[in-house]
Amino acid sequence: MASPRTDSEVSEASEVLRRVFGYEEFREGQQEIIEHVIAGGDALVLMPTGGGKSLCYQIPALVRKGVGVVVSPLIALMQDQVDALRALGVRAWFLNSTQDPDEQRTVEAAFVAGELDLLYLAPERLRLESTLRLLDRADVSLFAIDEAHCVAQWGHDFRPDYLALSLLHERRPDVPRIALTATATRATHQEIAARLTLEDARHFVASFDRPNIQYRVVPKKEPKRQLLELLRTEHPGDAGIVYCLSRASVEKIAAFLVENGVPALPYHAGLDPVTRAANQARFLREDGIVMVATIAFGMGIDKPDVRFVAHFDLPKSVEGYYQETGRAGRDGLPSTAWLAYGLQDVIQQRKLIDTSNGDAAHRRRLGSHLDAMLALCETVECRRVQLLAYFGQEGTPCGNCDTCLSPAESWDGTIAAQKVLSTVLRLLRERRQKFGAGHIVDILLGKKTPKIIQHDHDTLTVFGVGTELSDVEWRGVVRQLLAQALLAVEGDYGTLVLTDGSAAVLRGDRQVPLRREPARTAPKAAKAAKARGAAAADLPEEAAPVFERLRAWRAATAKEQGVPAYVIFHDATLREIAVRSPASLAELSSVGGVGESKLAKYGQHILDTLAESPPA
Ligand code: ADP
Ligand code: ZN
């Protein structure tokens, strides 16, 4: 159990925050967690991506006696994590399968000798008797279990290794443990606690709100062009991720962006491992790369300056959407979560569920995940409030999502719904036929297409009864009926059929509120960012070129040292330097993100860069 903290330990934590990391203040939740672990308590931490989980174990590891052992599944990223810590003057190293035996021995010796502050360990090591013996010989300050949801997820590669974590606890019950995850669901939370015997630990659940992310859902019209416009008008030169459902569309979109001058790279499980790793490395290391990827990409990517996450296709669940969009804006600067969504997405996802393997219960579960996602897309309320409500948290209308910025109206779509449903019904009753959405809309609009004439559909009583709405509007009605499960799709051709809910609508017993798309879908804030990347947005006129100069210096330095640009300094730090234009090292040291080590290493270069060409 945690003993009461002493004042000296508390001030030591703040001192480390300032001196090593260069930050003035703790973020929400950090201080409590850090104090608890420093005092020897166990902790289970649920905090959103970008919330600042790493400091929660890094600072206690620096304050407590001994070496902090971090179990992390992100082997490919360990080098970068360790580089980032070393840039701060922290003695960090890792042990994983990518190292040769000599290097491993060197690290082990340093670990046992207590010459490290932090040791990152791949989970697979935990099952080796030799690792356990190694841990017995060292003075361990704490065990941090990163990405702790791995212990809970069935089918996760690391699960068996993570289960070996309980062994650690049995052998070293005196060492405090801190498990961390960004996975928000209650079930996962409970499973982590049970599997890691952390029921008696203190649980810290942060707010899952990401206020700097602007959530937007746009009606899908010409998605490629819409995406390009987003990148050109709001995110030129910014790093971002575009998620697509299939490998084929990843390739297509990446090629399309490259043709249009955007430095885009593809990433999916079908690429050979070398290309995949190279693309990931470029995304992490260089500024302004757009990664076009399937959801195979992103777990543990802790690049702080991802300025946008765009979904080209509808995610399968709100959890997935939240995790994926959460990769934007870890540094706290304004970022965009953009999703293009249309009728075909609903049809496609429903079809995927119908044809998926697994029993009826499994399909029902997939169906309810999709329903929640569709409800988020179709809401006329604040998206953030709805998103947080999904995770059981409360929020107030945020002013930073599309429905807050340009409110969508709700209209009574009961009659429109009846027209669609009765067309489907008549085709079935009178003609024993089923058709897809496009043809149903053509009937309502009274279009004499070859298909209509061929099937004699201009003689139906519903032919031409829907001229009050446009083609696009009717497709919106159909989409929303599908989303509300008042209509369903069937078979390979996506033909429309009625559902259990349809009858009440046709009888007039059920109202159908529908969403009217706002005339202007681009939020106001978008204008301000014009022609400048989001990282440089809102900078005072004279600071913008300085910021770009600092970025160029950073890119060159990162390349020279073979580390990601953000390891040198974050965008947020460069922005603050550009705005404040410090004239001395002392002034520079008060900028957020400039700690002792970075000041010594880069301080003079920064001052030189600032002096290079004084503002005209
Ligand atoms: P998580 O692991 O929760 O996704 P990180 O630990 O990577 O988040 O932190 C996200 C970003 O926020 C990092 O770039 C980190 O340097 C920064 N950060 C963390 N704590 C603070 C703080 N107290 N003040 C300023 N920046 C912080
Ligand atoms: Zn909102």
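Just so it is clear, the values below take in all heavy atoms, side chains as well, and ignore hydrogens, waters and symmetry mates.
A donor-acceptor pair under 3.5 Å is absent between the side-chain atoms of D117 and the main chain of V90, judged by distance alone. With hydrogens and angles ignored, the 3.5 Å screen pairs a side-chain donor or acceptor of T131 with a backbone N or O of R125. Using modelled atom types, one side-chain atom of R384 and one backbone atom of R210 make a donor-acceptor pair closer than 3.5 Å. Judged by distance alone, the side chain of K53 and the main-chain N or O of M47 form a donor-acceptor pair under 3.5 Å. Put simply, the side chain of T106 gets close to the backbone of D102: a donor and an acceptor are under 3.5 Å apart. Checked by atom type and distance alone, the side chain of R91 never pairs as donor or acceptor with a backbone atom of L118 at under 3.5 Å. Under the 3.5 Å distance criterion, the side-chain polar atoms of E234 are left unmatched by any main-chain donor or acceptor of T336. Listed for the D305 side chain is no donor-acceptor partner under 3.5 Å among the backbone atoms of D571. Side chain of R383 to main chain of C377: a donor-acceptor pair is present (N/O by atom type, distance under 3.5 Å, no hydrogens or angles). A donor-acceptor distance shorter than 3.5 angstrom exists from the side chain of R554 to the backbone of F569, with no hydrogens or angles considered.
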Could you walk me through whether I178 and I145 pass the side chain to side chain contact (heavy atoms under 4.5 Å, CB included) check? CA-CA 6 Å; I178 169 170; I145 300 140; over 6 Å; no
From CA spacing to verdict: side chain to side chain contact (heavy atoms under 4.5 Å, CB included), Q226, W338: CA-CA 10 Å; Q226 288 169 287; W338 181 92; 3.9 Å; yes
Stepwise side chain to side chain donor-acceptor pair (under 3.5 Å) check, T181 with H149: CA-CA 6 Å; T181 180; H149 53 275; 2.9 Å; yes
Between N96 and T98, does the side chain to side chain donor-acceptor pair (under 3.5 Å) criterion hold? Intermediate values first, please. CA-CA 6 Å; N96 69 33; T98 63; 2.5 Å; yes
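F256 is not listed as a side-chain neighbour of V262, based on a closest heavy-atom distance of 4.5 Å or more. At least one side-chain heavy atom of R27 sits less than 4.5 Å from a side-chain heavy atom of Q30. Looking at E251 and L271, their side chains come closer than 4.5 Å, going by heavy atoms from C-beta outward. Proximity of D80 to Y566: side-chain heavy atoms (C-beta onward) are separated by under 4.5 Å at one or more points. Side-chain contact between L168 and L132: present, with at least one pair of heavy atoms (C-beta onward) separated by less than 4.5 Å. Looking at heavy atoms from C-beta onward, L142 lies out of side-chain contact with R177 at the 4.5 angstrom threshold.
Using a 30° and 60° split on the angle between ring planes, W553 and Y602 fall in the perpendicular class, above 60°. The aromatic rings of Y321 and H311 sit tilted relative to each other, their planes meeting at an angle between 30° and 60°.
Side-chain atoms of H189 and H203 include a donor-acceptor pair closer than 3.5 Å. There is a side-chain donor-acceptor pair under 3.5 Å between R327 and Y243. Side-chain N/O atoms of Q280 and R285 include no donor and acceptor closer than 3.5 Å. Counted by atom type alone, T275 and D272 present one or more donor-acceptor pairs between their side chains at under 3.5 Å.
Between M373 and P315, the shortest heavy-atom contact is CG-O, 3.4 Å. Of all heavy-atom pairs between L134 and E108, the closest is CD2-CG, 3.7 Å. Contact between A43 and V37 at its shortest, heavy atoms only, is CB-CG2, 4.1 Å. In plain terms, the two heavy atoms of L314 and L374 that are nearest each other are CD2-CD2, 3.7 Å. V306 approaches G240 most closely through the heavy-atom pair CG1-CA, 4.0 Å. Between I301 and R330 the shortest heavy-atom distance is O-NH2, 3.5 Å.
A salt bridge links D371 with R350: the closest approach of a Lys/Arg side-chain nitrogen to an acidic carboxylate oxygen falls below 4.0 angstrom. Ion pair R307/D331 flagged as a salt bridge, since at least one NZ, NE, NH1 or NH2 atom sits closer than 4.0 Å to an Asp/Glu carboxylate oxygen.
Results of the side-chain contact (heavy atoms from CB on, under 4.5 Å) test with D313 over Q349, K220, Q344 single out K220 as the only residue that passes.
Environment of NZ in K252: sparse, with no more than 12 heavy atoms of neighbouring residues, nucleotides or ligands closer than 6.0 Å. By the neighbour-count criterion of 12 heavy atoms within 6.0 Å, atom CD1 of I353 is densely surrounded, having more than that number from other residues, nucleotides or ligands.
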